[in-house]
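Have a look at the structure below, then the notes.
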2 protein chains.
Amino acid sequence: MRQERAARIKDVARIAGVSTATVSRTLSNPDIVSEETRRSVLAAVKATRYSANVAARNLRRQQAGGVLALAPNLANPFFSEILAGMSEALAERRLNLIVADTQFGGSSQLVQYADRSRADGLLILDSRLDPALFAGAQCPPIVQVCEEIEGLQSPRVVADNAGGAAAAVAHLVELGHTRIARLAGPPDNSLTRWRDAGFRRGMDAAGLSGRGDWHLTGDFSMESGRTAAARLLALPDRPSAIVCDNDEMACGLMSALIRSGIDIPGDIAVAGFDDIELSRHLTPTLTTVHQPRRRIGREAVRQLLLAIDGADVAERTVIPCTLVPRQSTLGREALSDQAAS
Amino acid sequence: MRQERAARIKDVARIAGVSTATVSRTLSNPDIVSEETRRSVLAAVKATRYSANVAARNLRRQQAGGVLALAPNLANPFFSEILAGMSEALAERRLNLIVADTQFGGSSQLVQYADRSRADGLLILDSRLDPALFAGAQCPPIVQVCEEIEGLQSPRVVADNAGGAAAAVAHLVELGHTRIARLAGPPDNSLTRWRDAGFRRGMDAAGLSGRGDWHLTGDFSMESGRTAAARLLALPDRPSAIVCDNDEMACGLMSALIRSGIDIPGDIAVAGFDDIELSRHLTPTLTTVHQPRRRIGREAVRQLLLAIDGADVAERTVIPCTLVPRQSTLGREALSDQAAS
DNA sequence: CCGCGCCATGTAATCGGTTTCATACCAGTC
DNA sequence: GACTGGTATGAAACCGATTACATGGCGCGG
């Protein structure tokens, strides 16, 4: 059994007794060839196990055959479900999902990604990228996902960050809290800003006013949640509840508070944001705002495909979030049977 | 400002006053052109913001410019760090990482992935795929990662599953346990088999013998861990420790045991496998076997690149694992200050 | 019976690079 | 001064598909 070269369209044409044009037509648009021709071409395709050369097709069609997702840290599980949604949506259109971790290679490597021949579209999940990277005329359509880059004009698909934060406040208010603090993310981050707006909206709706010394800031890491706990404990006048800008910080905060003998939610109720897998396994389980990540990924692809096809695209698509009440606000008894949910 | 077409190599050549061949040489092999020519070509490249068309280059070079990773479920965070390692290693060679979720598209879509023109290599992380998919002569080099497909001959990069399981047993033995049970994965899974071998090796080394009724089976899900707990509790003669084939099952098992009033590790010590992020946040934190996932990803790429370059490749590369002792075997006090680690 | 139009198909241009082969030039050697 | 060898470069083939354009045949209306 000799090592055979892959069949080319010429081989198929010869075997089927037609021209290469007819083979191509049969495969991409079967209806326009006659029944008989179609049969013999398909037979030849099967016999030769022909499969079109992707590079040749892409060259002629002036396309790349794939979409590139730029994420700040692939190892972060927050992204994996978004990527899964993207992969799912792209598979329907037979487009590849190419992923790149923006922390490797530096901008010298990144700049070449903004190239029509490399990707038919860009899904940007990292707000720290320089908008200038995508300014060239060769840059394919872009959709920003979750985070937003100031100064980069493109459609965005984001979670309802404001609505989610407002819902968290409303939930606490409903439980009787009036002394509500906030552990925010970095001030220049778009997520922080939207969640900030939602927090204030929620407070206003309840007739409450935020207090300056109850506004803590972190950097989305567990460690920063831990250090925020120390600042919280040092306050002369402690809040009865705190809304955190993500689950990691909430987790760090909770574990530090618990170690200091604080009861959650008895002394302080805690709410997070994102609903990462971890949240339902903490002790106590963490009340948080769920982002439908798979759906966000799918929707981002949907918008990108629209843009690639030249259709009108919503400048901003907002995906609703839902509050998931758990023990960190409700207490252990109320939910003991749902610990697994 | 009119919408300009991207510059082609011809344009660069004209501006620099040389042929396209010289431009191509200047960019891919600068040393073989004269100093003067190089300068004028590079100036023209900069002026036109020229960037080579990827499809054209790939077509001529008979390559794909990327490597495809096939994973069973992208949303599973276990894979994300492996993918991050792959992405990192591929970036050095300027190869794309294309990811595909094997649960979408079915095998009709999958079969076309095994094509040299689509990917320069395949990284297979899913052992449930049909080896026949990769039997064609057009199939690019393959490396199997973590899991192994029986009947698919190719290099493999796997964690030291046997060694890890043996280390878990040794750890329990050292703590004085002699009555050690096992919660295994699906019997036909390659991970289960290797961990099984390691478990027996560890037991043998300690002069212990496994008991048939202490061998439970699950499917790697938390739910199956939960149902295993019921079977464990129903045993007339309970073990003092149990080694689980992954962390998810260990997690489900622990939460069900705790709800039944069992103390961990007082009544039963529990060990897992994988060291997923969750493990260090459970209560009690879970003793488990850490797999260096990023390194596994990097190593898999290294082997694949060797295979692509036609070099000799180890048929099997085993990456060492390390046991991470935590509260579920040591008790809470012993490690209370390390809860964060 | 002519001519129009449609349908199925073939011919050949085209996509944009890389690389082989040929050539011109120059320095060094006898 | 002819010859050799090496270096820098250009002309053109080539990668393998898709598709614009051309063509031939056939049915049908006038």
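Bear in mind that the values here come from a model prediction, so they are computed numbers and not experimental data. The sequence lines fix the lettering, A, B, ..., with proteins before strands; numbering per chain opens at 1. Below, all heavy atoms of this structure are taken into account, side chains as well, without hydrogens, waters or symmetry copies.
- Looking at residues two or more places apart in sequence or on another chain, you find a side-chain contact (heavy atoms from CB on, under 4.5 Å) between E35(B) and R38(B), R39(B).
- For the side chain to side chain donor-acceptor pair (under 3.5 Å) condition, the pairs that include at least one residue of residues 62-73 of chain A, sequence neighbours left out, are N58(A)-Q63(A), N73(A)-Q103(A).
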Between side-chain atoms of residues 122-137 of chain B and protein atoms elsewhere (two or more places apart, or another chain), which donor-acceptor pairs fall under 3.5 Å?
{"residue": "D126(B)", "atom": "OD1", "partner": "R128(B)", "partner atom": "N", "Å": "2.8"}
{"residue": "D126(B)", "atom": "OD1", "partner": "R128(B)", "partner atom": "NE", "Å": "3.3"}
{"residue": "D126(B)", "atom": "OD2", "partner": "T102(B)", "partner atom": "OG1", "Å": "2.8"}
{"residue": "S127(B)", "atom": "OG", "partner": "E147(B)", "partner atom": "OE1", "Å": "2.6"}
{"residue": "D130(B)", "atom": "OD1", "partner": "A132(B)", "partner atom": "N", "Å": "2.9"}

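- Rounded to an integer number of Å, the gap from I32(A) CD1 to dT9(C) P is 9 Å.
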Can you name the atoms? Protein N/O to nucleotides 22-25 of chain C N/O, anything below 3.5 Å, with the distance.
none

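- Remark: the backbone N or O of T22(B) is paired with a side-chain donor or acceptor of T26(B) at under 3.5 angstrom.
- Distance check, rounded to the nearest 0.5 Å: CG of D160(A) to CD of Q291(A) gives 10.0 Å.
- Residues that satisfy the side-chain hydrogen bond (donor to acceptor under 3.5 Å, both in side chains) test with D115(B), not counting sequence neighbours, are S51(A), S117(B).
- Between R118(B) atom CZ and N53(A) atom CG the span is 10.5 Å, to the nearest 0.5 Å.
- With R293(A) as reference, E81(A) is the one residue of E299(A), E88(A), E81(A) to meet the salt bridge (Lys or Arg N to Asp or Glu O under 4.0 Å) rule.
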Identify each donor-acceptor pair in which a side-chain atom of residues 27-34 of chain B lies under 3.5 Å from a protein atom, sequence neighbours left out, and give them as a table.
{"residue": "S28(B)", "atom": "OG", "partner": "S24(B)", "partner atom": "O", "Å": "3.0"}
{"residue": "S34(B)", "atom": "OG", "partner": "T37(B)", "partner atom": "N", "Å": "3.3"}
{"residue": "S34(B)", "atom": "OG", "partner": "T37(B)", "partner atom": "OG1", "Å": "2.7"}

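- The backbone N or O of L74(B) lies less than 3.5 Å from a partner atom in the side chain of D101(B), making a donor-acceptor pair.
- Looking at heavy-atom distances under 4.0 Å, S34(B) makes contact with sugar-phosphate atoms alone, never a base.
- Each of V33(B) and R61(B) was assigned the nucleotide of DNA chain D with the nearest heavy atom; the assignment lying further toward the 5' end belongs to V33(B).
- The local environment of CD in E36(A) is sparse, with at most 12 non-hydrogen atoms from other residues, nucleotides or ligands closer than 6.0 Å.
- Contacts between residues 38-54 of chain A and DNA chain C, counted as heavy-atom distances below 4.0 Å, involve no residue at all.
- The OG1 atom of T317(B) lies 7.5 Å from the CZ atom of R302(B); values are rounded to the nearest 0.5 Å.
- Under the 3.5 Å distance criterion, the side-chain polar atoms of D120(B) are matched with a main-chain donor or acceptor of G65(B).
- If you check residues 6-16 of chain A against DNA chain D, the residues with a heavy atom closer than 4.0 Å are R8(A), I9(A), listed by number.
- Side chain of Q138(A) to backbone of R49(B): a donor-acceptor contact under 3.5 angstrom is found.
- A donor-acceptor pair is defined here as one N or O able to donate and one able to accept, closer than 3.5 Å; no such pair exists between the side chain of N96(B) and the backbone of I98(B).
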Pairs under 3.5 Å (N/O, protein and nucleotides 10-13 of chain C):
{"residue": "dG10(C)", "atom": "OP2", "partner": "S19(A)", "partner atom": "N", "Å": "2.9"}
{"residue": "dG10(C)", "atom": "OP2", "partner": "S19(A)", "partner atom": "OG", "Å": "3.0"}
{"residue": "dG10(C)", "atom": "OP2", "partner": "T22(A)", "partner atom": "OG1", "Å": "2.5"}
{"residue": "dG10(C)", "atom": "N7", "partner": "R25(A)", "partner atom": "NH2", "Å": "2.8"}
{"residue": "dG10(C)", "atom": "O6", "partner": "R25(A)", "partner atom": "NH1", "Å": "3.3"}

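- Between chain A and DNA chain D, the heavy-atom contact criterion of under 4.0 Å yields a 5' to 3' nucleotide range of dG16(D) to dA20(D).
- At most 12 heavy atoms of other shown residues, nucleotides or ligands fall within 6.0 angstrom of atom CD in E150(B).
- The structure places OG of S154(B) at 9.0 Å from CD of E148(B), a figure rounded to the nearest 0.5 Å.
- Each end of the helix from dC1(C)-dG30(D) to dC30(C)-dG1(D) gets its own rotation axis from five pairs of C1' atoms, and the angle between them is 60° to the nearest 10 degrees.
- Between the C1' atom of dT20(C) and the CG atom of N29(B) lies a distance of 15 Å, rounded to the nearest Å.
- Every residue two or more places apart in sequence or in another chain that forms a side-chain hydrogen bond (donor to acceptor under 3.5 Å, both in side chains) with R93(B) is listed here: D309(B).
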